[in-house]
Amino acid sequence: MAMSEISRCTYHVFLSFRGEDTRKSFTDHLYTALVHLGIQTFRDDEEIERGNNIKYEIERAILHHSKISIVVFSKNYAASTWCLNELVMILEHKKSSKHIVLPVFYDVDPSQVKNQTGSYGEAFTQHEQNFESMVQRWRNALKEVADIGGMVLQDRHESQFIQDIVKEVQNKLHLISLYVPPYLVGIDPLVTQINQWLEQDGANKVGIATICGIGGIGKTTIAKVVYNQNIPRFEGYSFLADVRETSQDCNGLVRLQRQLISDILKGKSHKIYNIDNGINKIKEIVCCRRVLLVLDDVDELEKIRKLMGTQIPFHPGSKIIITSRNRCLLNAYFISQMFDLEASTSCGGLSKQFEVKELASSESVQLFNWYAFGHNSVPESSMVFARSLVKHCGGLPLALQVFGSSLSSKSVSSWKSALEKLEEIPDNKIQKILRISYDSLEDDHDKNLFLDIVCLFIGKDRDYTTTILDGCDFYTTIGIENLVGRSLLIINEKNKLMMHQMIKDMGREIIRQESSDIGKRSRLWHKNAFDVIREKIGSRTVKCLTLDLKGLLEDKAKRTNTTLHFPKHSKSQFLMANDVDMETQAFAKMKGLKQLQLDYVRLKGDFKDFPKRLRWLRWRGFCMQSFPVDFDINELIVLDMRNSKLKQVWRDTECLPNLKILNLNHSHGLLKTPSFSGLPSLEKLMLKDCINLVEVDQSIGELKMLTFLNLKDCTSLRHLPRTIGSLISLEELVLSGCSRLDDVPRELHNMESLKVLNLDETAIYQSRSGLHWLLLKRSKGMGFSWASLPSSLVKLSLESCKLSNDVIPNDLCNLASLKSLNLSRNPIHYLPESLKNLTKLDKLLLTSCTELQMIPKLPVLLNVFECKFIFGDNSPFQGSGIINLPCFFSSTRCVIFGCEKLTEVENLFKLEPIENFEEEEIRRLFNVDSINRNRLQLYSYLTDSIMLATPQVLQECGITSTFVVGSEVPIGFKHGTNEHRISFFLPTPSHPDEKIHRFSLCVVFSLASDQMLELLPSVHIFNETKMIMQRYRSSFIGIPETNDNTMLWLIHWPVTDCQFEGGDLVSCMVVPIHLSIRKFGVTYESEHNIRYEYGFSHLSTGDEVSTRNIKMDLTEHLPSLESYGNVKVQLCSYIEESKVVSSPQVLYDYGIITTFDPAPFDYNGHHHYYGYQAGKTEVSISVPPNSSRKISCFLNSIIIFSAKNDKTYGFLPCLEIVNETKGTKWTYSKHFMRIPETKNTLYWTTCWNFRGDELEAGDHITLRVLSDLSVLEFSIDLVYDYEQDDNPNFFSQLPWMSKCFKYLLGVFVYILSKS
């Protein structure tokens, strides 16, 4: 049977049965078994309503939409005339089609059915009396179906009988559904995604996808579900399970090849003698049918190559799904190898990766409950243990299934014991599956790297870890990539190394199994490390040891219900450690130790026998005042001594040639830094919170490799050595919180690599000496010049430095690279104009500058707003017209929260007291005779602050508004309502030039919610006739005194003359978020006799044309439509768009829509070539010879259309240019809108710029116009450009203007003169 036939069937199987006999027993079990395996089954008692026309329903919903009918014969089957009529219909359909009938004799013998004996005979005795005309047909049907032969229950168990029926159905359908677990949770979203991918261009494109994730995450289950649901859509299909494991067996690949071929050929066996023979057979069968192929558990691409070869000619529409732990399995090179050239082209865009994530907490609980309790609920007695187990599983379905099943029906004490065991010894079944990923690592290098990370570096920064492990002879970068690829490691968004809990357990179990003697294991942690040190049983095999005594004691306290509290950076934990005997001698045998963590451990004894190959030493809470002289740390790469009691790090100069990171943070006893002369490789130096540090050693200037220096919160530090200017590699210097630091060396400007400088909360403001390094010259009270700052700075922070207007820098032109500037919490009133020179500034922090009143126009504020109109086709309005202030300030680009006195951001908004306005001005703006000037509260969404003042006039986005106390809409408003929305038609104007130029709105509101300050209020104006919407979101809101008090929101809203015209239906709406709208009024005003000047200012006009002072702006938003009398001009400027449009570029196009007839064509002058046709839609020319100096040419066209239908509103003509010689084609279209409702003439002019060899001498080109309007005239002009620059000024260098442009300009002037 062709799979295309199956795919046309809505159902695979139709079940016919006697409901009273088997509906809730046998048939229900059979139905469930079929559906569970992906076999779409029609059960007539569910799918159609009794009483409908039987024949019609059966034929339409069953017989024509299913492939197999299973007829279940039970004792009382024949008593039902419904069943008998259904049987007749099934058999008639079988005769005329390939419909398959499978009789199932449940509790009757086939002979009873054939001869109508027993209960069947009794039923027909009754039928003879009531349905004489139908009896013979029914008897014939029963005899025929009995002769087919089928499945007979006899003495078998029903469950086995059902399985046999299902297998028979699968064989007849050639449909092999795969078993999936009964409880599936959380897989539907990913299954849906994969199904959508399978359907995407499924008919003609080959696709390959990977389902990846860690072991036990559910990759195979998801692949099975997808396979079961989609096999009817393909002509061939195969699911090859366990490819990794099977391929390792003897002849395993050959067995997989045989299965694949057999599956696709529906069970036909083929002899395969070797792998090469199998590859050839596979290529033969996949080239002629659409196949769905699933390769489960593939660990390397080479196995796919050996299985199917390369350059496989998959039939269009075929799909391949691979499940793998390796997320980096597929690559472009492999795909190009796997498919032949034609197929790989179609496959290029369809390669996909689907990653299976861990279950969410709620999903994990649900799955665990099903396996542990058989339902989705937890007994109270097991609740605590169930939660702990679920948490430990970390959303891994396999672990949830294993633990749930193993603890099902167990006592609470068993649950407790299992949980305690799990914390020490992971479950073997889960570990076996997870370890496959570890064992698949290519070499011992990656395996050892994985174990080191498991032991020490989970949660650590990737770069920090790389620094350490590179020094331990690892190739860390490529190794981490391999671990991530095998789903053993995750790099999170903060660049931290993360790992699933079960993977971590697996790694530690591998180490635990190295030896039953813990002292002989390669890596030790926590309690095992503590025991080895205390008992002195370490050995040479120990490479890594990590012990956090504070954490260990706290954990022990939790287990024994003893409360221990260790304050942050507390040293009291040493008292706890005194109870145990810990000596340096315990490390004498650990000669191979390279990585050592001894947090809050106190050791007794000398260090002469201490391991000498240490690369990483972390000893937080180190209790000595200086490093022991006999402690050999010569090979150290990282030394982490946070929270130590060090007063001096080492007595003499220490030579540590490999040391890259030195961390002494929170060492409160440290008075002076060590000498750095012996640290030539040091890259990072951390001295944060060394509160008694008073001196940084002069030798710091010798650290030529230092990139990061952190002195934050060193509150006793007053000076920095001048040698700090010699740190030529330093990229980040943190001095924030150094509250006594009042002097910074002027040599700072020598740091050419410095990108980040943080001076928050320093004292440089207190004295002129502190600023002498910044001061170049004093200039008439303009402030200070900061020219001494290094020009490389990208981020500068001066928060809380008490900067005032007389000390804030006024010349920052040298900081051309600055991107982030933090001036928060300073008492400044204004920002200097020089900030305009910071053209790269994209982040400005001004939080809590409580005195700040005005922000000038800055680069960070440019291109924030755009006012545009959204046009829809038939729809409600789909976009907003005005994007306003809060949309910008809610981003991180400029933060002004707490700037409670800020009243202006230049070019963005301005807030002025109403007293600054004359009465006449107020009347003109808000259409009111007077304003209530009572004080009120005004909340700013920008600064998150409330001001109490008289009414303020707000100007933003060209809209002016104010909030005043009041309760009534003024009398002058033409339209009013008590709702939040009002609609009205604009009246027909008395003069043709009269246009609506502004709206006035008045909103009377009160508070509806205390949360009104969370969302911005907004007002919308809709032109429902022209499908235009404008939206205004105010950045301020007035606050009524109580919820019962009301307030007026008055808005002056200018509009341009084309947006609103007489007869338009207009709707205005307030979005009442947390506001209660009491009243809403709208009015509008119009003006006439407005002169609009258009012109081509970029042109140099000739004597034969007079421009009559015409101006035309070529940078309007696209598209724009302007009017002059009854002439409309539509402009499209492609100056910006041409940068991204592939060559040839449409440099410029424009159109004129007019009701007047054009002047006849009259072209004079000389040009290279000109083609003209009247009433034609196609022009052909040959490109004439030209000078070899030609580097580009311009092709200009003028097309004149006639809009004869006065109903025409808009149309979309298309211009097509074909180079017949080279076989290339370009198309371009223009959308004309709002054509006047009368017979019109439309002019469309374009200029194309062809470069290089796109048009050459002798090329034959054709121009065609595709349009539903009549083409009156069509002409083209070809002009060469010999000396155009790479980036020309269009309007000063375009040679085409002398022809086409002058003509159209003349037409335009002619039209204007007649109008």
Side-chain angles (χ1 to χ4, degrees), residues 11 13-35 41-95 99-154 158 161-162 165 169:
Y11 299 93
V13 172
F14 165 60
L15 271 178
S16 176
F17 60 96
R18 175 69 162 133
E20 294 180 1
D21 288 356
T22 62
R23 177 183 291 115
K24 296 182 179 180
S25 53
F26 174 77
T27 301
D28 184 61
H29 299 152
L30 175 60
Y31 174 82
T32 302
L34 291 167
V35 172
T41 305
F42 187 99
R43 185 162 52 178
D44 68 339
D45 65 329
E46 288 188 352
E47 305 295 345
I48 60 177
E49 296 181 4
R50 303 288 177 168
N52 290 352
N53 183 282
I54 296 175
K55 181 177 180 180
Y56 173 77
E57 290 294 338
I58 291 177
E59 285 185 330
R60 182 183 64 84
I62 305 170
L63 302 182
H64 292 304
H65 296 285
S66 60
K67 188 59 188 173
I68 297 179
S69 289
I70 298 177
V71 185
V72 180
F73 292 104
S74 54
K75 286 183 178 181
N76 297 313
Y77 182 90
S80 170
T81 57
W82 170 278
C83 291
L84 293 172
N85 283 322
E86 200 170 70
L87 178 63
V88 170
M89 198 70 65
I90 289 170
L91 293 175
E92 286 179 352
H93 189 65
K94 175 179 178 293
K95 294 175 183 178
H99 193 74
I100 300 170
V101 179
L102 178 62
V104 173
F105 302 97
Y106 175 56
D107 54 1
V108 295
D109 190 86
S111 61
Q112 288 181 279
V113 177
K114 180 177 182 179
N115 301 319
Q116 293 94 55
T117 59
S119 60
Y120 280 65
E122 295 173 2
F124 269 86
T125 301
Q126 296 294 323
H127 295 330
E128 293 281 2
Q129 300 175 8
N130 302 320
F131 305 99
E132 183 177 353
S133 61
M134 293 294 298
V135 167
Q136 191 56 46
R137 293 183 66 188
W138 291 343
R139 288 187 184 275
N140 292 340
L142 288 172
K143 184 176 184 301
E144 181 182 348
V145 76
D147 287 339
I148 293 175
M151 312 286 292
V152 185
L153 174 61
Q154 294 179 337
E158 280 190 16
F161 186 42
I162 288 173
I165 295 172
V169 170

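The chain is numbered in sequence order, starting from 1. Just so it is clear, the structure is predicted and the values come from calculations on it, not from any experiment.
Atom-to-atom distance recorded for Q116:CD and T125:OG1 is 10.5 Å, nearest 0.5 angstrom. Distance NE2/H93 to CG/L91: 11.5 Å, rounded to 0.5 Å. Interatomic distance, Q154 CD to D107 CG, rounded to the nearest 0.5 Å: 13.0 Å.
Not a single donor-acceptor pair under 3.5 Å links the side chain of R18 to the backbone N or O of S74. Distance alone, capped at 3.5 Å, is enough to place a donor-acceptor pair between the S80 side chain and the C83 backbone. With hydrogens and angles disregarded, a donor-acceptor distance shorter than 3.5 Å links the side chain of H29 to the backbone of S25.
Residue M151 comes nearest to I165 through the heavy atom pair CE-N, 3.8 Å, listed as atom of the first residue, atom of the second, then distance. Minimum heavy-atom separation, P103 to G149: CD-O, 3.4 Å. Taking both residues in full, the closest heavy atoms of L142 and V113 are given as CB-O, 3.5 Å, listed atom of the first, atom of the second, then distance. Scanning all heavy atoms of the two residues, the minimum distance from D28 to K24 falls at CB-C, 4.1 Å. The two residues A78 and L84 make their nearest non-hydrogen contact at O-CD1, 3.4 Å.
Side-chain contact check for Q126 and N130: no donor-acceptor pair (N or O, by modelled atom type) lies under 3.5 Å. For H127 and T81, the side-chain atoms include no donor-acceptor pair closer than 3.5 Å. Side-chain polar atoms of T117 and Q112 form no donor-acceptor pair below 3.5 angstrom. Under 3.5 Å, the side chains of S111 and D109 contain a donor-acceptor pair of N or O atoms.
Side chains of D21 and Y106 form no contact here, defined as non-hydrogen atoms less than 4.5 Å apart. In this structure, S16 and V72 have side chains that are not in contact, with every pair of non-hydrogen atoms separated by 4.5 Å or more. The shortest side-chain heavy-atom distance between K94 and V145 does not fall under the 4.5 Å cut-off. The side-chain heavy atoms of I90 and V88, taken from C-beta on, include no pair separated by under 4.5 Å. Within the 4.5 Å cutoff, the side chain of H99 has no heavy atoms near those of the I68 side chain. Counting heavy atoms from C-beta outward, F42 and V13 have side chains that stay 4.5 Å or more apart. Here the side chains of F73 and V71 are in contact, with some heavy-atom distance below 4.5 Å. Counting only heavy atoms from C-beta outward, the side chains of T41 and F14 never approach each other to under 4.5 Å.
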Report the C-alpha separation of E92 and R137 in whole Å, then their side-chain angles, then the decisive distance to 0.1 Å, and conclude whether the salt bridge (Lys or Arg N to Asp or Glu O under 4.0 Å) test is met.
CA-CA 11 Å; E92 286 179 352; R137 293 183 66 188; 2.6 Å; yes
Would Y120 and Y77 count as a side-chain contact (heavy atoms from CB on, under 4.5 Å) here? Give the steps.
CA-CA 8 Å; Y120 280 65; Y77 182 90; 3.3 Å; yes
Between L34 and I70, does a side-chain contact (heavy atoms from CB on, under 4.5 Å) hold up when you go through it step by step?
CA-CA 11 Å; L34 291 167; I70 298 177; 4.3 Å; yes
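In this structure, E144 does not pair ionically with R139, as no charged nitrogen and carboxylate oxygen lie closer than 4.0 Å. A salt bridge links D147 with K114: the closest approach of a Lys/Arg side-chain nitrogen to an acidic carboxylate oxygen falls below 4.0 angstrom.
Aromatic ring centres of F161 and F26 lie closer together than 6.0 Å.
The number of heavy atoms from other shown groups lying within 6.0 Å of CD (E20) does not exceed 12. More than 12 non-hydrogen atoms from other residues, nucleotides or ligands lie less than 6.0 angstrom from CD of E128.
The ring-ring contact (aromatic ring centres under 6.0 Å, His included) test with F131 is passed by exactly one of W82, F124, W138: W138.
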